[in-house]
Peer 1: 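Please see the structure below; I have some questions.
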2 protein chains.
Amino acid sequence: MAKSTLKPADFKPQAQVFKALGHPGRLLIVDELSRGERCVCELAEMVGSEMPTVSRHLSILKNAGIVDDDKRGTQVFYRLMTPCVMKFFQCVCDVKSKGGAR
Amino acid sequence: MAKSTLKPADFKPQAQVFKALGHPGRLLIVDELSRGERCVCELAEMVGSEMPTVSRHLSILKNAGIVDDDKRGTQVFYRLMTPCVMKFFQCVCDVKSKGGAR
DNA sequence: AAGCTTATTCGCTATTTGGCGAAATATGTC
DNA sequence: GACATATTTCGCCAAATAGCGAATAAGCTT
């Protein structure tokens, strides 16, 4: 256990998850997916960007292990892989409200 | 407040927090600060970057409300504002383990 | 097969981020 | 005041990111 010599590179996998969540549009997508699966075109309309853009966002989220997809016919439905991701939101609100001791 | 029409911009504050955590070096800093306050030069040595670089990382974390600083003499000590941030790590591990254990 | 729909990949450009060294700022010491 | 230490800000450049439209792929329907 070389816990005393942790390097930045050791945090790369976790950083990838945070980075994937570090975008307003992607957070909106995650929030929406917490209420059920959605296809790309539904999400594109919500986010207000073109489909290629949203598709790219989804691939980033998928790559980070946050969502997964399910192709049915011509559509692709995305869903949250880990509901625990939603706990982030509450915690982030705590950070933002700056409650301090917690 | 019509919450039915949430827009990406509504998630900007939360995205800022995630973005701040979306960097390996900054995660290392947060991890280290979870064990107590540290001055910039200590963190710089840990991260392995020059002090200007680390100082910038710290300002990003501070701006996101994740850390706060305390100037004492010529040194500046940083500390975690919300210990709850550490819960993120566990949750991220969940995300990662689900993605890999298949 | 032709045509329509849905989604992804590609090519491009604009913006942002990350890192460094140099310069500036602040505090303590002599 | 001159000097040393700790930190931040500035100026620059390389790399990554975000967005779009065009092109491509895959699946229905007729």
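Chain identifiers are assigned alphabetically (A, B, ...) following the order of the sequence lines, protein sequences preceding nucleic acid strands; residue numbering begins at 1 within each chain. Since the structure is predicted, the reported quantities are computational estimates derived from the model, not experimental observations.
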Peer 1: In whole angstroms, how far is the C1' atom of C/dT9 from the CD1 atom of A/Ile60?
Peer 2: 14 Å
Peer 1: Please tabulate the protein-to-nucleotide N/O contacts below 3.5 Å involving nucleotides 21-23 of chain D, giving atom names and distances.
Peer 2:
none

Peer 1: Think A/His23 has a side-chain N or O under 4.0 angstrom from the OP1 or OP2 of D/dA16?
Peer 2: no
Peer 1: Start at the 5' end of DNA chain D and walk down; is the nucleotide closest to A/Arg72 or to A/Gly48 reached first?
Peer 2: A/Gly48
Peer 1: Quickly work out the B/Asn63 CG to C/dG18 C1' distance and round it to whole Å.
Peer 2: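 Value for this atom pair: 16 Å.
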Peer 1: Figure out the CG/C1' separation between B/Leu58 and D/dT9, and round it to whole Å.
Peer 2: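 Between C1' of D/dT9 and CG of B/Leu58: 14 Å.
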Peer 1: Can you give me the N/O atom pairs linking the protein to nucleotides 2-7 of chain C at distances under 3.5 Å, or say none if there are none?
Peer 2:
residue, atom, partner, partner atom, Å
C/dT6, O4', A/Thr74, OG1, 3.4
C/dT6, O3', A/Thr74, O, 3.4
C/dA7, OP1, A/Val40, N, 3.3
C/dA7, OP1, A/Val76, N, 3.2
C/dA7, OP2, A/Cys41, N, 2.9

Peer 1: Suppose the criterion is ring pair (Phe, Tyr, Trp, His ring centres under 6.0 Å): which pairs have a residue in residues 18-67 of chain B, not counting sequence neighbours?
Peer 2: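 Sorted pair list: A/Phe88-B/Phe18, B/His23-B/His57.
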Peer 1: Give, ordered by number, those residues of residues 24-34 of chain A having at least one heavy-atom distance below 4.0 Å to an atom of DNA chain D; if nothing qualifies, reply none.
Peer 2: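 The stretch gives A/Arg26 as the residues lying under 4.0 Å from the strand, ordered by number.
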Peer 1: What pairs of residues pass the salt bridge (Lys or Arg N to Asp or Glu O under 4.0 Å) test when at least one of them lies in residues 8-24 of chain A, not counting sequence neighbours?
Peer 2: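 Non-adjacent pairs meeting salt bridge (Lys or Arg N to Asp or Glu O under 4.0 Å): zero.
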Peer 1: Find the distance A/Gln16:CD to D/dA16:C1' and express it as a whole number of Å.
Peer 2: 14 Å
Peer 1: Can we say A/Asp69 and A/Lys62 salt-bridge, meaning some charged N sits less than 4.0 Å from an Asp/Glu carboxylate O?
Peer 2: yes
Peer 1: For D/dA16 and A/Lys19 - does any side-chain N or O of the residue sit under 4.0 Å from the phosphate oxygens OP1/OP2?
Peer 2: no
Peer 1: Below 3.5 Å, can you tabulate the donor-acceptor pairs from side chains in residues 36-50 of chain A to any protein atom, sequence neighbours excluded?
Peer 2:
residue, atom, partner, partner atom, Å
A/Glu37, OE2, A/Arg72, NH2, 2.5
A/Arg38, NE, A/Glu32, OE2, 2.6
A/Arg38, NH1, A/Gly36, O, 3.3
A/Arg38, NH2, A/Glu32, OE2, 3.0
A/Glu42, OE1, A/Cys39, N, 2.9

Peer 1: Scan A/Leu58, A/Asp31, A/Ile60 and name whichever one has a side-chain contact (heavy atoms from CB on, under 4.5 Å) with A/Arg26.
Peer 2: A/Ile60
Peer 1: Hey, does the side chain of A/His57 come within less than 4.0 Å of D/dG19's phosphate (OP1/OP2), counting only N and O?
Peer 2: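 Yes, because at least one side-chain N or O of A/His57 sits under 4.0 Å from OP1 or OP2 of D/dG19.
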Peer 1: Look at all strands and tell whether A/Ser49 reaches a base, only sugar-phosphate, or nothing, counting heavy atoms closer than 4.0 Å.
Peer 2: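 Sugar-phosphate contact only.
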Peer 1: Please answer whether the main-chain N or O of A/Arg56 pairs with a side-chain N or O of A/Ser59 as donor and acceptor at a distance below 3.5 Å.
Peer 2: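 Here the side-chain-to-backbone pair exists.
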